[in-house]
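Notes for the one structure printed next.
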Amino acid sequence: MTNTPEAPEKGKDFIRLIIDKDNQTGKYDGRVHTRFPPEPNGYLHIGHAKSICLNFGLARDYQGKCNLRFDDTNPVKEDVEYVDSIREDVTWLGFTWDANFYASDYFERLYCIAELFIKMGKAYVDHQTPDEIRANRGTLKEPGTDSPYRDRTPEENLALFRSMRAGELADGACILRAKIDMAAPNVMLRDPALYRIKHANHHRTGDAWCIYPMYDFTHGLSDAIEGITHSICTLEFENNRPLYNWCVDTLMEGLRMPELFGRNAAIYEELAALPGFNERPYQYEFARLNITGTVLSKRKLIQLVQEGHVLGWDDPRMPTICGFRRRGYTPASIRDFCERIGVAKSDSTVEYALLEHCVRQDLNDRAPRYLGVMDPVKLVIENYPEDGLDEFTMPLHPEDESMGTRVVPFSRELWIERADFMEDAPKKFFRLSPGREVRLRFAYYVTCTGFDKDADGNITQIRATYDPETRGGWSKDGRKIKGTLHWVSAAHAVQAEVRNYSNLFSCENPNAVGEGKCFTDYVDPNSLEVLPRCWVEPALADMEPGVNFQFERTGYYCSDSRDHAPGDKLVFNRTATLRDSWAKIQKNMA
RNA sequence: UGGGGCGUAGCCAAGUCGGUAAGGCAUCAGGUUUUGGUCCUGACAUUCGAGGGUUCGAGUCCUUCCGCCCCAGCCA
């Protein structure tokens, strides 16, 4: 691992503790080699980010290595579109793999290993139908029944398996099964399938194969081939671990039986020399990530996209990596989140608030500030000259001068936020109201002198006077001004479309909906709010797509990567609101 | 008594050979502030799923019980 972000400084998780122990005992000679092994059948989500940060982070912290390996053993579900997106997302998160492999790289070796298993009497070809196999597997509490084909000779099995590979059999005609124990209490061990026939085109190997290895057979062997030391996956694979071990151990045993090698001897000898088959990898499981208010399973995410509940995989409301990217989340904020949630074995659901905290913290430091009015109402400065103009040079960041400045024009007519004015304001309201004085950010103090309404009672315009002695938003007499409003000069403002996002789901846990309900029933149609006519300061007109910034007093935003066109159509996505203690006060008053 | 895991605050999560419950988020209360932002300070588990036992001493050891998650794809 090279080129990776800063290391964390906190209590170690159980996996790091295991590695420490391995290093102390001299296991693997101090080598640490992990891998991130996605199946390219969908887009990566924040749950994958946890795994990515763990696996690549381990390599970083222990001066080890981490591979990217596509687990592409099921061609009908996979596609290059997904492998491309996965590579892009891992890279965007800030990680660099030491090697990029595919399970399909190992198809020939895997096939030879299967032949060896057959010769060892550890695998057989089963001609039972899927229904029969299911019926004979037994139940969780009752043992299974041996297949009538279980005692075929190695010679017979070898011939059959070769005809499977040769394409002489139809899909589903038979499978290759491990010969373990049909009465095993762990159902995974009741003669699991190793190979199935699928006359399907594979995104990488094309039509070279019509049989494909199963996950359990492939995974541990691929790990060993790559010299992986610590194979980390999620909790639901705990039951698979004995099978993982069986596959690796059985091969290691077979590799010591050269009398069985036959014409593929070269391949077996090569495997036998690999570090992974001398000091084999071990699998460890951690709890997958859950976050309140969203779903994190590929199946559900696909459903949201396909049924049109969202606008695509990168819809900013999606918990996908590309969704967060488009929303304006930074790689550093997601990494920080993954560090903070920890790695453990208990099922847990992290509050979305933590993720929001992480972006806010990151963006607070690095996002330049701008002024933009979301819900505009006109403010006329009555004592300001009709053709007057001020140009204020404002810092792009209040605590970081190095970020520089920009110039913001000021004139007689301004746009301010409708919510910043109240006709009859309570005492705690620090904004504009008849007779009250507020500061216009970095401009002047203004005092409200009145307002106008239309026939329906809507406020059409607010009137005020300004104090020329307060230029820059500061006064010599030191009088206290509690409220500071953002504003934009009506004559100079640029129009923009602002897209505000809130929770995609209207319930806290869309994974556990009531009887007869579907999680999609809880998709909130108001989770996307489009404000087509906002007024923003001119400095924003030429902003490139994909740039993070803050609209002061409002929130963190990001120019949209798809629809934002500098100098033409401005489109800004809300990444997160600012924390809003005024909202809390209002809530408490109500 | 199918098998495999897990249970420390509202949410995550440290807790190594038993020695008297880290940290973060959220929440609440103050202070600073030209963003009701940021920042700073303080509060927030007499108790670790429950009971029993061993011990001078138990979140850690023993034991019984309870609760939750995973497994019966020719998916991963």
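So that the names make sense, note that chain A is the first sequence line, chain B the second, and so on, each numbered from 1.
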Sequence neighbours excluded, every pair satisfying side chain to side chain donor-acceptor pair (under 3.5 Å) that has a member inside residues 289-298 of chain A | Asn41(A)-Lys298(A)

Per the atom types in the model, does the base of G36(B) pair as donor or acceptor with the side chain of Arg431(A) at under 3.5 Å?
-> yes

List in chain and number order the residues that pass side chain to side chain donor-acceptor pair (under 3.5 Å) with Ser104(A), two or more places apart in sequence or in another chain; answer none if no residue qualifies.
-> Asp72(A), Arg204(A)

For G73(B), glycosidic torsion class - syn if within 90° of 0, otherwise anti | syn

Touch class at under 4.0 angstrom, heavy-atom based, for Thr292(A) against every strand present = nothing

Tabulate protein N/O versus nucleotide N/O from nucleotides 69-71 of chain B, keeping only pairs under 3.5 Å, one per line.
unit_1: C70(B); atom_1: O2'; unit_2: Asn239(A); atom_2: ND2; d: 3.4
unit_1: C70(B); atom_1: O2; unit_2: Asn239(A); atom_2: ND2; d: 3.2
unit_1: C71(B); atom_1: O4'; unit_2: Asn239(A); atom_2: ND2; d: 3.0

Residues pairing under side chain to side chain donor-acceptor pair (under 3.5 Å) where one sits in residues 173-183 of chain A, two or more places apart or in two chains, turn out to be Asp126(A)-Arg177(A)

Who passes salt bridge (Lys or Arg N to Asp or Glu O under 4.0 Å) against Arg579(A), sequence neighbours left out?
-> none

Pair Tyr244(A)-Asp223(A), side-chain donor/acceptor within less than 3.5 Å = yes

Without hydrogens or angle criteria, can the side chains of Tyr43(A) and Glu81(A) be said to hold a donor-acceptor pair below 3.5 Å?
-> yes

Describe the nucleic acid contact of Phe429(A) in one word from base, sugar-phosphate, nothing, applying a heavy-atom distance below 4.0 Å.
-> base

G5(B) base / Glu285(A) side chain donor-acceptor hit below 3.5 Å | no

Which is true for Leu354(A) with a 4.0 Å heavy-atom rule: it touches a base, it touches only sugar-phosphate, or it touches nothing?
-> sugar-phosphate

Does Arg137(A) have a side-chain nitrogen or oxygen under 4.0 Å from the phosphate oxygens OP1 or OP2 of C74(B)?
-> yes

Those residues that, when tested against Glu437(A), pass salt bridge (Lys or Arg N to Asp or Glu O under 4.0 Å) (two or more places apart) | Arg479(A)

For Ser475(A), side chain to side chain donor-acceptor pair (under 3.5 Å) partners two or more places apart | Asp477(A)

Contacts of Glu238(A) that satisfy salt bridge (Lys or Arg N to Asp or Glu O under 4.0 Å) - sequence neighbours left out = Lys345(A)

Hey, does the side chain of Thr554(A) come within less than 4.0 Å of U35(B)'s phosphate (OP1/OP2), counting only N and O?
-> no

Does His357(A) put a side-chain nitrogen or oxygen below 4.0 Å from OP1 or OP2 of C25(B)?
-> yes

Face-to-face stacking of Trp582(A) with G36(B), centres under 5.5 angstrom, angle under 30° = yes

Taking only N and O in the side chain of Arg16(A), is any of them less than 4.0 Å away from OP1 or OP2 of A14(B)?
-> no

Please write out each protein N/O paired with an N/O of nucleotides 30-32 of chain B under 3.5 Å, distance rounded to 0.1 Å.
none

Dot-bracket pairing map - RNA chain B, Watson-Crick plus G-U, both contacts under 3.5 Å, | cross-strand = .(((((((.[[[..)...(...]]].(((((.......))))).....[[[[[..)....]]]]])))))).....

Glu508(A) atom CD is separated from G10(B) atom P, nearest whole Å, by 15 Å

Please tabulate, one pair per line, each protein N/O and nucleotide N/O from nucleotides 37-39 of chain B that are separated by under 3.5 Å, including the distance.
unit_1: G37(B); atom_1: OP1; unit_2: Ser581(A); atom_2: OG; d: 3.0
unit_1: G37(B); atom_1: N1; unit_2: Glu399(A); atom_2: OE2; d: 3.3
unit_1: G37(B); atom_1: N2; unit_2: Glu399(A); atom_2: OE1; d: 3.3
unit_1: G37(B); atom_1: N2; unit_2: Glu399(A); atom_2: OE2; d: 3.3
unit_1: U38(B); atom_1: O2'; unit_2: Asn364(A); atom_2: ND2; d: 2.8

Of Arg196(A) and Trp474(A), the one whose nearest nucleotide on RNA chain B sits closer to the 5' end is Trp474(A)

Where does the angle between the aromatic ring planes of Tyr215(A) and Phe237(A) fall among parallel (under 30°), tilted (30 to 60°) and perpendicular (over 60°)?
-> tilted

Between Phe117(A) and Phe217(A), does the ring centroid distance fall short of 6.0 Å?
-> yes

Does a side-chain heavy-atom distance below 4.5 Å link Val125(A) with Ile175(A)?
-> no

Anything under 30° is parallel, anything over 60° is perpendicular, the rest tilted; go ahead and classify Tyr352(A) against Phe324(A).
-> parallel

Report the residues that fulfil salt bridge (Lys or Arg N to Asp or Glu O under 4.0 Å) with Arg190(A), sequence neighbours left out, ordered by chain and then residue number.
-> none

